[in-house]
Amino acid sequence: MPSRYFKSFFRVMTAGLFVFLSACGGSEAAPTPPPDQQQQEQQAPATIAKNSSYSSPIAISDDDSLIVVTNTLNGTVSLINVAGDANAKLAEIQVGEEPRSVVITPNKAFAYVTNQASGTVSVIDLATQAKVTDITVGVEPYGIALTPDASRAYVANSASNTVSIIDTASNSVVGTINIPGVQPRGVAITNNNGGTGQQFVYVTQFLSQPTASGGPGLDQGSEGKVFVLSTTDDAQIQGVITLAAHDTGFAADRTVFGGTTADPTFAYPNQLQSIVLKNGRGYLPNVAASPEGPVKFNVDTQAFLSVFDVGAKSELAGGTINLHAAVKAQTFTPKLFVANPWAIAFEHASNEGYVVSSASDVLVKITLDDNGVPTVVSLPAEGDTTRVHTIEVHKNPRGIVINNADTRAYVYNFISKDVSIVDLTASPEAELVRIQSTDLPAAGSDAAKFLAGNELFHSSRGEFDEGVSERLSNEGWQACSSCHPDGLSDGVVWAFASGPRKSIPLNGTFSPQNQTGNQRVLNYSAVFDELEDFELNIRGVSGGQGLIVLDGTTNPDPNVKAFDPPNANRVQLHVGGFGAWDAIVAWTQFRVPSPVSPYRNTDASSELGQQIAKGRELFTQANCQACHGGPKWSTPQVDYARVSPFPETIALGKAPEPPVAQLSRFLQIVGTFDPANPIEKNANNFTALGQLGFNPPSLLSISAFPPYFHNGSCPTLECVLENQVHREAGGVTGLLDDAANREALLQFLISIDIKTEPINP
Ligand code: HEC
Ligand code: HEC
């Protein structure tokens with residue numbers, strides 16, 4: 001046992017904290033106490049948590065004195081002394097890659113941190129302020145929560161679709177539960193019976209899946225899920241709570257689809273990042289999706305707070321609300337919608353809580369009635385009682401905790417890398433101070449440019465060097481990340497102008513291995529070829545004024561089109577001295593994370609390892625690389641100079657398609673388009689683009705991005721391989737008629753991530 005372990009061992013033993021004794025082992029063996037001492041341990045009052053534990057990037061100790069916060073982009077956690085408002089950073093400790101979630105044991109001895117990209121949980125000794133050990137868990141661990149006696153930690157592994165149970169006495173995994181869903185993410189654990197005996201564990205599924213009678217692309221076609229586990233039964237799932245679509249309170253003009261000028265719209269809960277329990281209810285802030293056309297400002301992504309009844313294991317009738325609807329009802333201007341609700345915390349002695357609006361950089365105050373039904377609180381200002389009570393924090397807040405005294409809220413800001421300390425005793429509540437939790441990159445550096453791009457991608461507002469703001473969407477409605485969380489995909493099939501289109505993850509847009517300019521032709525219909533073309537999305541879909549401006553002004557330049565003139569290097573707004581679009585492009589090119597394959601650590605000689613190797617052979621034999629080759633795992637790339645006049649042949653879709661410019665030479669017909677299918681409609685009720693084929697998508701980390709094909713018609717990769725026209729599109733027939741061959745190829749597809757050797761066309 002190295003000496004630093006001894007030091008902390010004795011320090012904590014003298015403090016009389018028995019939990020430490022059982023938790024000090026790590027990978028080193030702890031001395032087994034003599035039997036009489038074991039007896040004594042069981043009788044000694046255990047240290048029990050005051051509150052129900054929930055996964056969050058920021059945690060507070062039970063005595064209100066210490067904050068531990070993840071620095072996701074830096075691979076560290078910071079310890080901040082908040083006793084008596086000391087508000088001083090104590091230490092910054094290296095953990096693994098992409099730390100996401102942290103919990104503190106009730107005796108304040110240890111913190112447990114999930115590292116998404118490393119597949120580990122780091123254990124931090126809070127007395128010595130040092131990492132004790134890393135525990136290997138499943139692939140892409142995200143949420144973590146503790147049982148009230150801190151004997152166990154439950155970890156949601158989003159890529160392996162499992163929950164790992166860590167025994168904190170031995171710091172080892174003692175159980176793994178398969179979750180029959182997609183991307184388990186947020187975790188909360190009850191604190192029943194004074195925190196002793198059986199507890200229940202709630203695990204969210206990040207992306208919603210189609211209902212039995214529904215399907216992708218429909219406002220009411222999918223549902224959210226929460227899985228219920230028991231701490232006394234590691235074998236059985238105790239229940240599944242479904243969270244349904246609801247009326248958003250916003251009407252859409254659907255006359256082109258045979259509807260009315262004011263059809264009600266529905267949205268289903270999606271991106272179930274967080275879950276918090278209070279008084280027998282579960283609360284899940286989420287980015288709800290309303291994918292039916294028109295896809296645009298105020299009828300696409302919504303801001304739900306879904307609520308379920310813990311006892312009944314079902315959604316609470318009349319409980320779920322849309323925070324955006326409260327902003328709609330506000331007469332005070334300017335309005336600010338509260339995009340990307342990402343986290344929530346409640347006061348302990350009251351029914352008040354705060355939802356973190358991650359993209360709009362504010363907290364939204366809510367209150368619960370006796371039945372636990374939330375309402376948005378108003379902030380009477382200038383005589384206007386409709387004004388939604390929001391509290392400004394810093395850039396891209398993603399987590400919140402409230403101290404036991406209910407006097408302070410601590411908010412983790414992902415982009416500004418600081419903690420906003422909010423005074424809850426002030427009226428109205430206000431940010432008191434910000435504590436930098438890790439260093440920001442040097443001004444003007446590449447790292448600063450990536451961070452500026454990351455900021456713009458995740459913001460619904462934007463703050464520019466030119467002194468303007470609120471350019472990224474109409475009244476803070478949404479961010480790029482509302483459909484591309486962390487630059488990836490929300491799994492939603494949106495009724496876009498080209499037709500039904502699954503949100504494409506941006507991890508395969510540029511080559512992750514040869515980053516100099518190897519960029520895909522964009523979108524399923526090859527209707528764009530530059531990131532900057534998404535200026536049209538900011539303006540058209542999100543209702544913002546955009547970033548490309550007329551020279552010498554901050555007025556939007558009206559001359560923005562898909563191909564001619566080119567949109568890179570246009571006169572644009574700036575952030576931190578960088579062109580706003582230049583920064584978004586740089587971030588996309590160099591920093592979008594690519595999910596780790598659930599098979600990353602597979603032994604090549606194992607049965608699965610051999611299957612994967614056989615699948616790779618079959619991929620090559622079937623000539624899949626003709627369309628999905630190279631480091632992007634998508635063959636088409638911009639191989640021409642973007643100049644005016646535009647050098648490429650552009651096809652204008654065939655009647656009855658609308659005349660939309662497509663880079664037709666990159667399109668491939670693979671048997672996935674049926675113009676008779678009623679969902680193949682575009683935003684004006686014309687037949688969708690598809691007769692000329694589709695732009696082959698990237699297969700990088702493909703197992704993380706269901707459903708498949710442009711219209712989401714395949715829920716699984718098995719389904720993709722059943723399409724004979726597509727699987728033989730490389731010109732090789734018969735090879736994949738054999739189910740065993742398809743099975744091996746499937747395993748190879750699941751194994752593809754950035755560590756996989758590319759196959760060149
Ligand atoms: C309402 C949801 C939504 C929003 C908001 C959104 N996207 Fe997308 N994004 C999509 C969908 C759906 C596609 C696929 C579109 C298609 O194929 O026609 C897509 C495709 C893309 C692609 C193509 C990637 C590739 O490799 O082909 C890029 C790049 C992109 N989006 C960037 C952005 C940026 C930048 C923003 C913010 C300015 C943004 N998106 C906002 C849904 C959205
Ligand atoms: C001739 C070009 C071509 C060949 C060869 C080809 N594909 Fe594809 N592939 C496509 C196109 C185009 C799509 C998108 C179709 C759509 O969305 O409707 C696609 C989609 C996919 C998808 C779904 C991706 C997503 O994000 O939706 C997978 C997985 C896939 N292909 C795997 C393969 C495999 C495995 C092979 C070899 C057996 C193969 N493809 C051969 C063109 C091709």
Audit row: Ser78, Asn71, side chain to side chain donor-acceptor pair (under 3.5 Å) steps and yes/no: CA-CA 7 Å; Ser78 292; Asn71 301 308; 3.0 Å; yes
Counterpart residues, side chain to side chain contact (heavy atoms under 4.5 Å, CB included), relative to Val173 (two or more places apart): Ile135, Val137, Ser164, Ile166, Thr176
Counterpart residues, side-chain hydrogen bond (donor to acceptor under 3.5 Å, both in side chains), relative to Lys278 (two or more places apart): none
Cationic N near anionic O, under 4.0 Å, Lys395 to Asp361: no
Residues Arg591, Asp486: salt bridge by 4.0 Å N-O rule: no
Taking side chain as C-beta onward, heavy atoms only, is [X] less than 4.5 Å from [Y]?
| X | Y | answer |
| --- | --- | --- |
| Val95 | Ile124 | yes |
| Val240 | Val228 | no |
| Pro595 | Phe705 | yes |
| Leu363 | Ile400 | yes |

Candidate list Ser459, Ser481, Ser358, test side chain to side chain donor-acceptor pair (under 3.5 Å), partner Asn340, passing option: Ser481
Option passing side chain to side chain donor-acceptor pair (under 3.5 Å) with Lys417 (candidates Asp439, Thr438, Asn74): Asn74
Consider only side-chain N and O atoms of [X] and [Y], and report whether a donor and an acceptor are under 3.5 Å apart.
| X | Y | result |
| --- | --- | --- |
| Asn191 | Ser52 | no |
| Ser594 | Ser701 | yes |
| Ser437 | Asp418 | no |
| Gln199 | Thr190 | yes |
| Asn193 | Thr196 | no |
| Tyr599 | Ser160 | no |
| Asp134 | Ser118 | no |
| Ser208 | Glu223 | no |
| Thr76 | Glu92 | yes |

Compute the ring centroids of [X] and [Y], then answer whether they are less than 6.0 Å apart.
| X | Y | value |
| --- | --- | --- |
| Tyr283 | Phe346 | yes |
| Tyr142 | Phe206 | no |
| Trp342 | His458 | no |

What are the two closest non-hydrogen atoms of [X] and [Y], and how far apart are they?
| X | Y | answer |
| --- | --- | --- |
| Gly143 | Ser55 | CA-CB, 3.5 Å |
| Ala345 | Tyr54 | CB-OH, 3.7 Å |
| Asp490 | Asn270 | O-ND2, 3.0 Å |

Derivation and outcome, side chain to side chain donor-acceptor pair (under 3.5 Å), residues Ser65 and Asn81: CA-CA 6 Å; Ser65 71; Asn81 174 15; 5.6 Å; no
Tyr154 vs Arg152, side-chain contact (heavy atoms from CB on, under 4.5 Å): CA-CA, chis, key distance, verdict: CA-CA 7 Å; Tyr154 283 74; Arg152 286 175 153 201; 2.8 Å; yes
Pair Ser306-Asn286, side-chain contact (heavy atoms from CB on, under 4.5 Å): steps then yes or no: CA-CA 7 Å; Ser306 296; Asn286 64 82; 3.1 Å; yes
Parallel, tilted or perpendicular: ring planes of Tyr412 versus Phe414, cut at 30 and 60 degrees: perpendicular
Full working for side-chain contact (heavy atoms from CB on, under 4.5 Å) between Arg185 and Gln273: CA-CA 6 Å; Arg185 174 72 73 124; Gln273 167 74 14; 2.7 Å; yes
Residue pairs involving residues 101-124 (criterion salt bridge (Lys or Arg N to Asp or Glu O under 4.0 Å); sequence neighbours excluded): Asp63-Lys108
Val155 vs Val163, side-chain contact (heavy atoms from CB on, under 4.5 Å): CA-CA, chis, key distance, verdict: CA-CA 5 Å; Val155 179; Val163 167; 5.8 Å; no
